[in-house]
Amino acid sequence: MCLNELVRWTGLTEEEPDHLLPGMVRRTFNTPGFAGMTFYEVNAKSLINKLGQSRMGFEYTINPYRGCSHACTYCLAGDTPILLPDGTWRLLQDIEIGDAIVGTVPEGQSRRYTITTVLAKWPTVKAAYRLVLDDGTVLLASSDHRFLTDSGWKHVTASVGGPGLRPFLTPGSRVLGLANDGPLSVLQEERPAPREVLSIEAIGHEMPMWDITTGTGDFIADGVISHNCFARKTHTYLDLDAGHDFDSKIVVKVNAVEVLRRELSSARWGGHSIAMGTNVDCYQRAEGRYQLMPGIIQALIDFRNPLSILTKGTLVLRDLPLLLKLGERARVSVAFSVGLIDEELWRLVESGTPSPMRRLQAVRELTDAGLRIPVLMAPILPGLTDTEDVIDRTVAAIAASGAVSITPIVLHLRPGAREWYLGWIQQNYPDLMPLYARLYRERAYASADYQRLVTARVRRACRRYGVGNNDEPARELPINPVATTEKIAATPLW
């Protein structure tokens, strides 16, 4: 667990850092385990997030923390001109949250221009690439930035894993953008026109860059339709834990408890079950400092509101008395995610999380307290943790912890997660790249045949060790969100 006294804060400022969010407070600290992290404390306007109809088995979520490290790979140079509705331009570095700019929306086989709002903005420093178009336009962007072409969205370069891993620009690609300059009233009568990419080259050094999130998911950068990063909303590199988010920035909704109480007391709130751990781990290490979860759980107790939690954080043991109290008034479930038990591999892929054996000890303690704890065996990593022998050892350890069931989930690679993880594979296990290319191709999920193979191996191991097995197809089970299934959401506390 993260002990409060171990987190010593320094560098406090009440300025608005880089104009990210109004009223934001930025904190850094000198604890060795958190070196290089920055926390941005914000006052949220709302907390309960409605997903709508979801195949994931839950409809409402709460995320008191937002990590944002991987989103910073989608960036442009700060002096890139951004189109405004009146036909004028403003530099990207000068764009502010709340500004109205021009974006696009699909219309038939083409797109039309519309007004969109800047929802978020953030800076980073990345290796830069220079794109030269046939009309003389020069764009500076990171390798992961995407532009719209006549054959869909494409990244500036291929991923580090090879050209087959994601669509990317090459000389001759045709990016889409403005046919003519003018205000939105004029542009709405036009449709995007192609411009040929003449060259793409690395400039050989890193440089400050910016990105924004807009309501339409795009914006016009120097006349070209540019994709913003929706991945910033999830703030995770991998769909397996929130530990990697500690590489850079964490947004903390410091007024989460106050806002939650207001929303739960609203006549419009229907008492729906709320899922936590659906984006980043609510029991990540920062919770040891901010202690938002006790207040959140107490609010749910007071309003008799159901709750489900998925976590890799052993800090959940701190709140066991509160969870038991909530369980007397409403349905509660707690699930742990343990995808592997190999300590060496854990240090490589999940170093920001408690060790697998510490997590399994927490499962044992929760089980001894009378709780029924399902475990998500997630993610199962192709070529690393998917063999009969490895699965057997992992299932044996999970069964010994007292888990009531095991749900296998094969690694899910969404955009953003895909590039980061495959880059890591290329660096550490390059011989596995052909396997990943074959299993995933352009998909976020591994092939159905492979998933059935892995599920069968887990099922056999579960029978050997006498533990329940939920083996719904892994393609329906993203790693993180908690997701999982209706079964996990409905698992009683005791």
Side-chain angles (χ1 to χ4, degrees), residues 70-83 92 102-104 106 109-111 113 124-179 191-214 216-232 413-423 426 433 436-437 440-444:
H70 83 287
C72 293
T73 63
Y74 300 85
C75 308
L76 288 167
D79 59 357
T80 304
I82 306 302
L83 181 62
L92 178 56
V102 176
T104 71
Q109 298 300 312
S110 184
R111 303 179 80 88
Y113 298 103
T124 187
V125 176
K126 291 291 176 182
Y129 289 77
R130 180 184 294 109
L131 285 73
V132 179
L133 308 184
D134 60 359
D135 63 351
T137 299
V138 177
L139 292 160
L140 293 177
S142 72
S143 64
D144 293 306
H145 200 80
R146 283 178 283 176
F147 295 97
L148 185 62
T149 74
D150 53 9
S151 58
W153 292 104
K154 291 189 176 182
H155 296 266
V156 170
T157 72
S159 68
V160 293
L165 298 177
R166 68 183 187 190
F168 65 100
L169 298 172
T170 60
S173 295
R174 289 154 55 93
V175 297
L176 298 181
L178 301 180
R191 292 297 177 265
R195 305 182 189 185
E196 184 177 347
V197 176
L198 297 182
S199 65
I200 305 168
E201 61 178 351
I203 67 173
H205 61 81
E206 295 183 340
M207 61 179 291
M209 295 187 185
W210 293 84
D211 202 6
I212 55 177
T213 290
T214 71
T216 58
D218 64 3
F219 54 96
I220 311 303
D222 207 358
V224 180
I225 301 175
S226 174
H227 195 286
N228 69 204
C229 180
F230 276 119
R232 181 172 172 80
L413 294 177
R414 294 185 299 186
R418 182 186 191 92
E419 289 77 27
W420 187 92
Y421 180 77
L422 291 178
Q426 175 67 32
M433 290 304 299
Y436 280 87
Y440 289 91
R441 300 183 183 275
E442 297 297 330
R443 302 180 298 253

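These numbers come from a predicted model, not from an experiment.
Side-chain contact between Leu92 and Ile212 is present, with at least one heavy-atom pair separated by less than 4.5 Å. In this structure, Pro171 and Leu198 have side chains that are not in contact, with every pair of non-hydrogen atoms separated by 4.5 Å or more. Inter-residue side-chain proximity for Val156 and Ile200 is flagged as met; some heavy-atom pair is nearer than 4.5 Å. Counting heavy atoms from C-beta on, the side chains of Leu169 and Val175 come closer than 4.5 Å. No side-chain heavy atom of Ser173 sits under 4.5 Å from any side-chain heavy atom of Phe168.
Atoms CG and CG, from Leu83 and Asp222 in turn, are 10.5 Å apart once rounded to the nearest 0.5 Å. To the nearest 0.5 Å, the span separating CG on Leu148 from CZ on Arg174 amounts to 12.0 Å. The distance from atom CD1 of Ile82 to atom CD1 of Ile220, rounded to the nearest 0.5 Å, is 9.0 Å.
Shown here are the side-chain hydrogen bond (donor to acceptor under 3.5 Å, both in side chains) partners of Thr137, two or more places apart in sequence or in another chain: Asp135, Arg195. Ser151 meets the side-chain hydrogen bond (donor to acceptor under 3.5 Å, both in side chains) test with Thr149, Lys154; sequence neighbours excluded. With sequence neighbours excluded, the residues that form a side-chain contact (heavy atoms from CB on, under 4.5 Å) with Arg443 are Arg441, Ser447.
Here the closest non-hydrogen pair linking Gly172 and Glu196 is CA-OE2, 3.7 Å.
Among Leu131, Leu139, Leu176, the single residue meeting the side-chain contact (heavy atoms from CB on, under 4.5 Å) criterion with Val224 is Leu139.
A donor-acceptor pair under 3.5 Å is formed between the side chain of Asp218 and the backbone N or O of Thr104.
Here Glu201 pairs with Arg130 in a salt bridge; the nearest charged N to carboxylate O distance falls below 4.0 Å.
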Before you tell me yes or no, could you show the steps for His155 and Ser143 under side chain to side chain donor-acceptor pair (under 3.5 Å), namely the whole-Å CA-CA distance, both residues' side-chain angles and the distance that decides it to 0.1 Å? CA-CA 7 Å; His155 296 266; Ser143 64; over 6 Å; no
